[in-house]
Amino acid sequence: MRTQVLIVGAGPSGLLLGQLLHKAGIENLIVERQSGGYVLGRIRAGVLEQTTVDLLDEAGVGARMHAKGLLHGGFELAFDGKRHRIDLQALTGGKSVMVYGQTDVTRDLMEARASAGLPTLYEAQDVSLHGFDSDAPFARCKMAGKEIEIRCDFIAGCDGYHGVSRASVPAAVIQTYEKIYPFGWLGLLSDTSPVSHELIYGRHERGFTLCSMRSQTRSRYYLQVPLSDRVEDWSDARFWDELAQRLGSETAAGLVTGPALEKSIAPLRSFVAEPMRFGRLFLAGDAAHIVPPTGAKGLNLAASDVYYLWQALGEHYREQSQAGIEHYSARCLSRIWKAERFSWWFTSLMHTFKNEPAIDAKLHRSELEYLISSPAAQTVMAENYVGLPW
Ligand code: APR
Ligand code: PHB
């Protein structure tokens, strides 16, 4: 079997890259370890920067997002029982974000790929990558127990944090940076109307809370929980009760509760691998970097990697230029580190840390007070939240 670009992983990065390459007339094949249904079962963040929205439009998959997504011109910070609005539009010269779930983005991309008749090998086992330091890279995998070999010009490693792509690179040529936070996010999805029409990020002595949504009738809430907690420890009733306590009586008065459609705990991590290209192997999305979800930068960073890779491969095939390929890693990393900084800062500001020195809690509170009183500080936050330019 042969293709021009072999994409490992059919998450949002791999699917978006596949769609864009196809539009540019570049042949691609995706190998994915899981089934399509499994990929769609993962619930993740849901805030898209304008540049991500534009790229999804470019890929021809924006119709449902524009019909169903919610444009948000601001969000709120809550602490000490009060809510303070960050007016994204006023602070950034009219920019907003699109609230549209990653599951929906993935579904739109999967459907577009299927209707374009593009090949995806789901449930591919034991994918291994070879020869990417030469001009003739190839991969092997097993399909229904039968070994196949796929030859290609390039390999795009879009296979997430636990994928085979980054793991295939010799340790001596890759450097990784990692921070693991001492708590997780317990998320609950329910068919209830959101407590507010915009997102609320809350700091409380019992821990962080986030009130988000998927639509006018579907809410997504998160609670900071210790890493030792298990989902089974959290009945729906306990979740709603804890959320109400952290939100405070005024906001909790408008909280509509209902049965959980999904509940899960996600750990929080900052992670970057450098560089992001090894000969003819490129890393993109979660394969190369992870941000903690405060600020929802994960999918947006995946989109900018894909944008640079699509441009680079387009230049290679169209103009025989290697410039985009040479610069891919540096271009991605420049944007990634800025989003890593923002996500780390927002996480540190809003969460409570066990055994935190009393002075740290005071400093965080002081920073929040500064933030709500200073248009300059709010502008810094807003320009990062809506997304830095590509
Ligand atoms: N072989 C083939 N496929 C694999 C392998 C492997 N060895 N390992 C992992 N995969 C697949 C996974 O099953 C998954 O479907 O790669 C895909 C990677 O998808 P994601 O983890 O969603 O990563 P990415 O597409 O980069 O999406 C980034 O996801 O975690 C969020 O915040 C993040 O929103 C961002 C987005
Ligand atoms: C979500 O809706 O899941 C969400 C929104 C904003 C975030 C993180 C997650 O910062």
Side-chain angles (χ1 to χ4, degrees), residues 12-13 16-17 20 44-59 62 65 69 71-75 77 86-100 102 105 177 179 198-199 201 210 212 268-277 282-312 324 327-350 367 370-371 374-390:
S13 303
L16 179 57
L17 179 65
L20 289 165
R44 282 158 174 182
V47 178
L48 308 181
E49 297 169 0
Q50 184 58 49
T51 40
T52 304
V53 168
D54 293 344
L55 195 63
L56 291 165
D57 281 336
E58 178 82 42
M65 169 181 67
L71 271 182
H72 282 200
F75 65 87
L77 291 174
I86 302 295
D87 188 338
L88 294 173
Q89 279 185 325
L91 292 159
T92 62
K95 291 191 182 150
S96 347
V97 290
M98 172 79 85
V99 175
Y100 188 64
Q102 182 173 317
V105 172
Y177 302 87
K179 176 192 271 299
E198 289 182 339
L199 271 60
Y201 292 87
L210 169 59
S212 183
L268 272 70
R269 183 194 303 274
S270 297
F271 172 84
V272 181
E274 290 185 343
M276 287 171 57
R277 179 177 72 90
F282 302 86
L283 303 181
D286 278 16
H289 45 80
I290 301 283
V291 285
T294 332
K297 291 292 164 218
L299 179 57
N300 294 296
L301 276 186
S304 52
D305 293 352
V306 165
Y307 171 80
Y308 293 128
L309 187 48
W310 165 57
Q311 296 275 304
H327 293 130
Y328 170 73
S329 181
R331 276 187 185 146
C332 292
L333 285 163
S334 159
R335 191 163 193 277
I336 288 160
W337 278 112
K338 293 184 188 109
E340 290 281 351
R341 184 210 65 82
F342 175 68
S343 308
W344 157 81
W345 169 79
F346 199 12
T347 301
S348 312
L349 182 64
M350 299 307 292
E367 182 155 11
Y370 168 60
L371 193 54
S374 160
Q378 287 177 30
T379 303
V380 171
M381 179 173 213
E383 76 166 352
N384 281 277
Y385 195 88
V386 299
L388 296 173
W390 287 6

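The residues of the chain are indexed from 1 along the displayed sequence.
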Flag the pair Ser212 / Leu199 as yes when at least one side-chain heavy-atom distance between them is below 4.5 Å, and no otherwise.
yes

NZ (Lys95) and OG1 (Thr51) are apart, to the nearest 0.5 Å, by 8.5 Å

Please check this pair: side chain of Gln50 against backbone of Val97, looking for a donor-acceptor N/O pair closer than 3.5 Å.
no

So do Val105 and Thr52 actually touch side chain to side chain, heavy atoms under 4.5 Å?
no

Return the minimal non-hydrogen interatomic distance between Ala284 and Ser13, and the atom names on each side.
O-OG, 4.3 Å

List for me each residue that meets side-chain contact (heavy atoms from CB on, under 4.5 Å) alongside Ala90, sequence neighbours excluded, and say none if there are none.
Asp87

Side chains of Val306 and Leu309: does their closest heavy-atom pair fall under 4.5 Å?
no

So Tyr177 and Glu340, do their side chains get closer than 4.5 Å, heavy atoms only?
no

Quick one: pull up OG in Ser270 and CH2 in Trp337 and give me the separation to the nearest 0.5 Å.
8.5 Å

Qualifying residues under side-chain hydrogen bond (donor to acceptor under 3.5 Å, both in side chains), relative to Glu198, sequence neighbours excluded
Arg85

For Thr92, what residues pass the side-chain hydrogen bond (donor to acceptor under 3.5 Å, both in side chains) criterion, not counting sequence neighbours?
none

Answer yes or no: is there a side-chain heavy-atom contact under 4.5 Å between His72 and Leu88?
no

Test side chain to side chain donor-acceptor pair (under 3.5 Å) on Trp345 and Glu367 and set out the steps.
CA-CA 11 Å; Trp345 169 79; Glu367 182 155 11; 2.8 Å; yes

Hey, could you give me the CE/CG distance between Met65 and Leu48, rounded to the nearest 0.5 Å?
6.5 Å

For Arg277, enumerate each residue passing the side-chain contact (heavy atoms from CB on, under 4.5 Å) test, keeping only those at least two apart in sequence or located in another chain.
Phe282, Ile325, Glu326, Tyr328

Do you know the tightest heavy-atom contact between Val291 and Ala339?
CG1-O, 4.2 Å

Is there side-chain contact between Tyr307 and Glu58, with at least one heavy-atom pair below 4.5 Å?
no

Sequence neighbours left out, what passes side-chain contact (heavy atoms from CB on, under 4.5 Å) with Ser348? Give chain and number order.
Trp344, His364

Examine distances only and state if a side-chain atom of Ser96 and a backbone atom of Gly73 form a donor-acceptor pair shorter than 3.5 Å.
no

Where does the angle between the aromatic ring planes of Tyr385 and Phe346 fall among parallel (under 30°), tilted (30 to 60°) and perpendicular (over 60°)?
perpendicular

Calculate, to the nearest 0.5 Å, the distance between atoms CZ and CG belonging to Arg44 and Asp286 respectively.
6.0 Å

I'd like to check the side-chain contact (heavy atoms from CB on, under 4.5 Å) partners of Leu388; sequence neighbours left out, ordered by chain and number.
Lys338, Glu383, Asn384

Closest non-hydrogen atom pair, Gly295 against Phe342:
CA-CE2, 4.4 Å

Just how far is it from atom CG of Leu283 to atom SG of Cys332, taken to the nearest 0.5 Å?
9.5 Å

The criterion is ring pair (Phe, Tyr, Trp, His ring centres under 6.0 Å); which residues satisfy it with Tyr370, sequence neighbours excluded?
none

Residues two or more places apart in sequence or in another chain: which of them pass side-chain hydrogen bond (donor to acceptor under 3.5 Å, both in side chains) with Tyr100?
Asp108

Tell me whether Ser304 contacts the main-chain N or O of Leu301 through its side chain, where contact means a donor paired with an acceptor under 3.5 Å.
yes

Here the pair of heavy atoms bringing Leu91 nearest to Ile86 is CD1-CG2, 3.8 Å

Are side-chain heavy atoms of Trp310 and Leu55 found at a separation under 4.5 Å?
yes

By side-chain hydrogen bond (donor to acceptor under 3.5 Å, both in side chains) - contacts of Arg269 (at least two apart)
Tyr161, Glu178

Nearest heavy-atom approach of Pro389 to Arg335 is O-NE, 3.6 Å

If you round to the nearest 0.5 Å, how far is CE of Met98 from CG of Leu56?
9.0 Å

Shortest non-hydrogen contact from Ala59 toward Leu16
CB-CD1, 3.7 Å

Looking at Pro375, is its backbone amide N or carbonyl O close enough to the side chain of Thr379 to form a donor-acceptor pair, meaning the two atoms are under 3.5 Å apart?
yes

Pairs flagged by salt bridge (charged side-chain N to carboxylate O under 4.0 Å, His left out) wherever residues 296-308 is involved - sequence neighbours left out
Glu49-Lys297

